[in-house]
Structures are given as structure tokens and as C-alpha cells.
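Chain letters run A, B, ... following the sequence lines, proteins first and then strands; every chain starts at 1. Since the model is a prediction, treat every value here as computed from it, not as a measurement.
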2 protein chains.
Amino acid sequence: MVVKAYGAYAADKPLEEIDIERRRPGPGDVRIQIAYCGVCHSDLHTVRSEWSGTLYPCVPGHEIVGSVTAVGGAVGKFKVGDVVGVGCMVDSCQDCPACSDGLEQYCENGFIGTYNAPTADSPGHTLGGYSRQIVVDEKFVLRISHPVEQLAAVAPLLCAGITTYSPLRHWKVGPGTKVGIVGIGGLGHMGVKLAHAMGAHTVAFTTSESKREDARALGADEVIVSRSAEEMNAHANSFDFILNTVAASHDLDAYTTLLKRDGTMALVGVPEHPHPSPNVAPLIFKRRAIAGSLIGGIAETQEMLDFCAERGIVSDIEMIRIQQIDEAYERMLKSDVKYRFVIDNASLEG
Amino acid sequence: MVVKAYGAYAADKPLEEIDIERRRPGPGDVRIQIAYCGVCHSDLHTVRSEWSGTLYPCVPGHEIVGSVTAVGGAVGKFKVGDVVGVGCMVDSCQDCPACSDGLEQYCENGFIGTYNAPTADSPGHTLGGYSRQIVVDEKFVLRISHPVEQLAAVAPLLCAGITTYSPLRHWKVGPGTKVGIVGIGGLGHMGVKLAHAMGAHTVAFTTSESKREDARALGADEVIVSRSAEEMNAHANSFDFILNTVAASHDLDAYTTLLKRDGTMALVGVPEHPHPSPNVAPLIFKRRAIAGSLIGGIAETQEMLDFCAERGIVSDIEMIRIQQIDEAYERMLKSDVKYRFVIDNASLEG
């Protein structure tokens, strides 16, 4: 089946309208009419081959929501008309210890990303959500129970939401814990909403005084402007957990020293240039840790979606037409978006 | 009471014989005739003011063993003649959450180190175990139940032993876990012995082919020469925990990539120059962590000493007279010791 999409033929070419093929749904497959697709920094990095290894043509997009238009004969969880989502993964080995533990994102044989990963489908690598339809194994399809009018704002939950939800759960954030969220962008604004909803005392860190009120509105109990040494020092040794969503290279010591004994700071972004080497003394003298975390497993993604639906949590978004994608990328690079662009995929039809 | 000691009057002066004062034992104090004192890298760093902030005269030494020669009226745990030890701490606030949790090494008001820490005693800072006697609050005195002929080899347990025992316990090393010990020196050789005794599959990492047999003799199930990329790669993603005892600046990524998903590498040494900035991708893509750990609490130190006594575990030592201390420092800097120098404190009497 030929499907309208938007992608790039080379790292130095702009995205343009292209026709792609989607496989006929197999027995376990779900075909989805994509209503909306969130715009993630990874999309931009990949389509411009900034992490190298991009396969072209490249069609990005892994914050996908839409409705089921066909199901294979063996599909048990979904039927035509269901409202569903697809995140960063469309397959994994289903056999290794990580997959057996429901942690497909850590699949020991490598999960299959929603774009730029090997597949038997044409053209030999996966093509993402900047497209009108997608066909995905039902095991990697999520049920969405938010009201349909919130659907566009649900899209970013599939990457930004789960990337922040999973570490908050893993490090047991909840009532009685004090949690910091570093960076109030696409990921961070979800981190603030989710940590607050989990019942934690939630502190937002931002470099910009102008985001102070915004962060409070998102649910932060306190906001720290990280350029103020005085504000930072006042919180020394006080955090149980810090979720650091900033992918740009920055001084990690400023945050590790704010952790309590046995506290952890989890990083979720890979910087283009390394962070300055963290001082190990703040780790040793309080048994603190710097860790990493990658998206979340499928079961946990469903749990996150249900958690958000029950509480009316969605992303704060700005809707764009696909034809505005380059402009959106430029604005995203300047952090000029509150807080996530979402493509109205109907615009693919012109 | 005037006591013979060995110390330095300035960073650029050699250690020499000096007379120091020890306080009259208070109600809760124990006076100890020091039989042996281990020689730790920290002694050298401090006496030469390489970490800055050294107070002179400086008398190092925090791996102290000996026998009780006097007790205050309120002392309940010890009597004259008991064989005891003192490690890196001689006091703490006893009031903060860390002290309440038995983790005096993380005292929120700062523990009082056995040397170079503030005290009401003359000369205003603590003086360590390169001396004939010491007076210590019984709360910081440990009971030693090893056979008396092993006493010299017990001394390094008070720092090297607990510094490795505590993280191995904290990160739940035992049967069924695969543990790496990086660096086979004063700390690392204890790490190998202790991890092995805890029942873990113990892998020693060394830069030198010549230590391969030695590491096996210490109890390593496997030995990896870290200069061999082939040997290193064969162990990718396989360690539950790595204890990194190397204080010199080195590439941490070589070890983080050997951890399983959710594995931790704990650092126990502060390098003079920072490690190269660790790559965060190996942390993110397997939810791994880099943490730190500092010695151990008093209760845990007693637990470690009892664990070792029950199993006949001591340090491998080379005994020296105090007059050989400069030579010992020079050899320690070249790692020319298997694996810890211990001073025979009787040599202070000439």
C-alpha cells in the first residue's frame, strides 16, 4: 500500500513529500491511520544524520496516535476504530531477559526503532510517523483512553511522557520524596507534570527566569533558576532524585551536590559534546549515583498512558501542518515552543 | 600524656620523630597502645598536603590496631587488655540522620577523621596512628577477634577492608552475582578477597599481566588484563557490580560497558586529575549507574571485622619500621608493595 509521507533523501536536504510503502497487515499486525505525530529532537538529529548512520529516505516520527483501520486475523487486543498509539519501538526479539522482563527498550538484541531501524519491509529500514498510515505488530501498539479531543496532546506521551515516567517510577518517586526536574522543555514539562501527579514534592530547574511562572503552572512546587548559586545552594543535599532532561553539555556537579545521601540523578539525554567530567567526590562522600534511563517498556508505556488518562494529563502542544516542519525544527532548536510541536497528519493530504 | 609519634612539620618536610600529647581518657574514652598501623595512600596525600588543607604538625595513620591500656569510668564495651582497632573516624555528631542510621562516614555535620580534623585536644587537630598511643571515644573503637599473631595483617582492614566491604554489601554482592574489582592494590586485593568470601563470581581487573597469578591466588575466579580489548569485550554486559578502586584518572567507559542492565560501578578513589568524562550513552542504553562509596559505618566495620575473623581473612602485608616510612611512600607510589605496608609501632621506641 502506498502512503503519503514526509521525509528527507539526504542529510543536507529538507524534508519533502514522498510516497512510501506499508506492508499488508500480517496476522498479528494493526494498521493505523495516523491522526497526529509529535516532533521529537531525535527526529531532527536523525533526519540530519547528526548521530550518523541515518538511512535514507528518512521518515521520522515516533509519537504516533491515530485509529485502527485494519487488523490481522490473529490480533486479539484491537479492533477497527480503536484509538491507539505507537512510540519509539515497533519490534524487539521478545526472547532475551530484558524482553522477558517487559523492558523491550533494553532488548539485548536491539529493539527495532519506529524509524531508521532494519526491517524486511521496503525500503529495508523503518519509516516513522510523519506519514498517513503505519502497520505495527499489535504487541507494540498502545491503547489510548483519553477523550478524543485531547488526542493531539496525547501524542508526545509516547516518547516524552514515557521517557520521564519510567525513571520516576524506577527510582520510586512519590509522596514524601523531593524530586528535581532539570530542563523545562518537551521532556521536562512532562517530568514536572508526572512527578507532581505521583505526589512528589516537585522542583523544576530552569536556566531562565522567564520560565518560573510557567513551571509553577505545570505543577512545580518550587522553581530554581539554576544560574543563581544562592538558590542552588539553598537546596544542597536535599533531593531524593533528580531527572535531568537536558541534552546539551552542562555541569553535572551543580546537581549531584543537591542530592541527599544515596540519591540518584538520572540522565535521559545524550549530549552532542560530552558533559564536563563530573567530580567524583560528591558521589563518594554521599554515596550518590549518576545513572541513565531510556524511554520505557511497552507495559510501562500502557501504564503511563492509563495513569495520564485517569488524571487528565496531556502534553502542552503547538499544532503544526507537516509543511511547517522545517520552521518547527528551527524553533525547536531555539527552545521556542511550549512545549512540543505536534503534526496534524491530515495536512499530508494537502 | 606525651607520646612518641612520627609526623611532618610542613608539606615539603620529611616525616620525623615528634612528641605529641594525648588527652587523659574521659569517662567514655579508651586509651590504646598501638601495636601496628597500616600505611594508606591518604596518609601520603595528607602529609604532603596534596589535597590541600593539611594542618601541621601532621601525624597520619588510620589503620590502627593495638590493646587497651586504660578505660574511662563510663566505658562499657572494653576493658584493659582487649585487642581493638580504630579506623578513619574518631568522632561524629551522633545526632544527624546518617549517624542515626549507623552511617557515621556520611555524618551531615562531618565526621572527625583520625588525623587532620578539628578537635579540642592539643594541638587543635587530630593526630593519627603513626604514634605509640591514642585515646578514642569507645563508640569509635572496634573489637578484634582474629588470632593475635595475625594482628599486623588486620590493621589494613580498618580502612582498605571496610572501604571495599561496605559497597560490596550495599550493592548486594553474593552468590549468583558477577563482580568486578578494578585495580589490585591495597584496596583492590581486599575487594577480591571479600567478594570471593561473599560467594560472588569474582573477576579481577589489572593493567599488568604479571598480576594475573597473584589475583587468582587472592581468590579471583577470573582475571582480565584491562589493556586487552579482546578480553574486555568478552565480558561486555555481564557484570552485576564493579568496584573500582583505582584513584588514578582512567577511562571509565571501558568498565561501564561491561555492566549488565541496571548494573552499578562504584568508585572509591578521588583522582588528582578528573577521569575523562564518561560517555552517558552506556548509562542510558542499559540504565547503568556510576556511584561512589566512602569507607563504612562503625557497626558495619565491626561486622566486617567479625566476617573476616570467622573466615581467616586478613590483608597481605609487608611490615616496616617507622624509620622506613619515606621509602615505603616512594615504593607505594610505584605500586611496589603486596599489598599494604604496615608499621610496627614498637619501632617508635627506637
Is it the backbone or the side chain of [X] that comes under 4.5 Å from a heavy atom of chain B, or both, or neither?
X        : value
A/Arg288 : backbone
A/Ser166 : side chain
A/Leu252 : neither
A/Val268 : backbone

Below 4.5 Å, heavy-atom pairs only: which of [options] has the largest tally toward chain B?
options                              : value
A/His275, A/Lys286, A/His170         : A/His170
A/Ile284, A/Leu283, A/Leu294         : A/Ile284
A/Pro97, A/Pro167, A/Ala98, A/Pro274 : A/Ala98

- Query: Which atoms form the tightest heavy-atom contact between A/Ile224 and A/Met232, and what is the distance?
  - Reply: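 In this case the closest contact between A/Ile224 and A/Met232 is CG2-SD, 3.7 Å.
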
- B/Ala248 and B/Pro271: which non-hydrogen atoms are nearest, and at how many Å?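 In this case the closest contact between B/Ala248 and B/Pro271 is C-CB, 4.2 Å.
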
- Item | Audit row: A/Thr301, A/Glu303, side chain to side chain donor-acceptor pair (under 3.5 Å) steps and yes/no | CA-CA 5 Å; A/Thr301 305; A/Glu303 175 190 307; over 6 Å; no

- Query: Got a salt bridge between A/Lys178 and A/Asp240, using NZ or NE/NH1/NH2 to carboxylate O under 4.0 Å?
  - Reply: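 Result for this pair is no, no salt bridge flagged.
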
- Query: Could A/Lys139 and A/Glu104 be called an ion pair, given the rule that one side-chain N must be under 4.0 Å from one carboxylate O?
  - Reply: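 Here A/Lys139 does not pair with A/Glu104 in a salt bridge, since their nearest N and O are not under 4.0 Å apart.
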
- Message: Less than 4.5 Å to any heavy atom of chain A: does that hold for the side chain of B/Thr264, its backbone, both, or neither?
- Response: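 Neither the backbone nor the side chain of B/Thr264 comes within 4.5 Å of chain A.
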
- Name the region of B/Pro276, side chain, backbone, both or neither, that has any atom closer than 4.5 Å to a heavy atom of chain A.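 When you check distances to chain A, only backbone atoms of B/Pro276 fall under 4.5 Å.
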
- Task: Look at atom CG of B/Asn237 and say whether more than 12 heavy atoms of other residues, nucleotides or ligands are closer to it than 6.0 Å.
- Result: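 Buried by this count: over 12 neighbours within 6.0 Å.
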
- Query: Are B/Phe111 and B/Phe140 an aromatic pair by the rule of ring centers under 6.0 Å?
  - Reply: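 For B/Phe111 and B/Phe140, the ring centres are not under 6.0 Å apart.
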
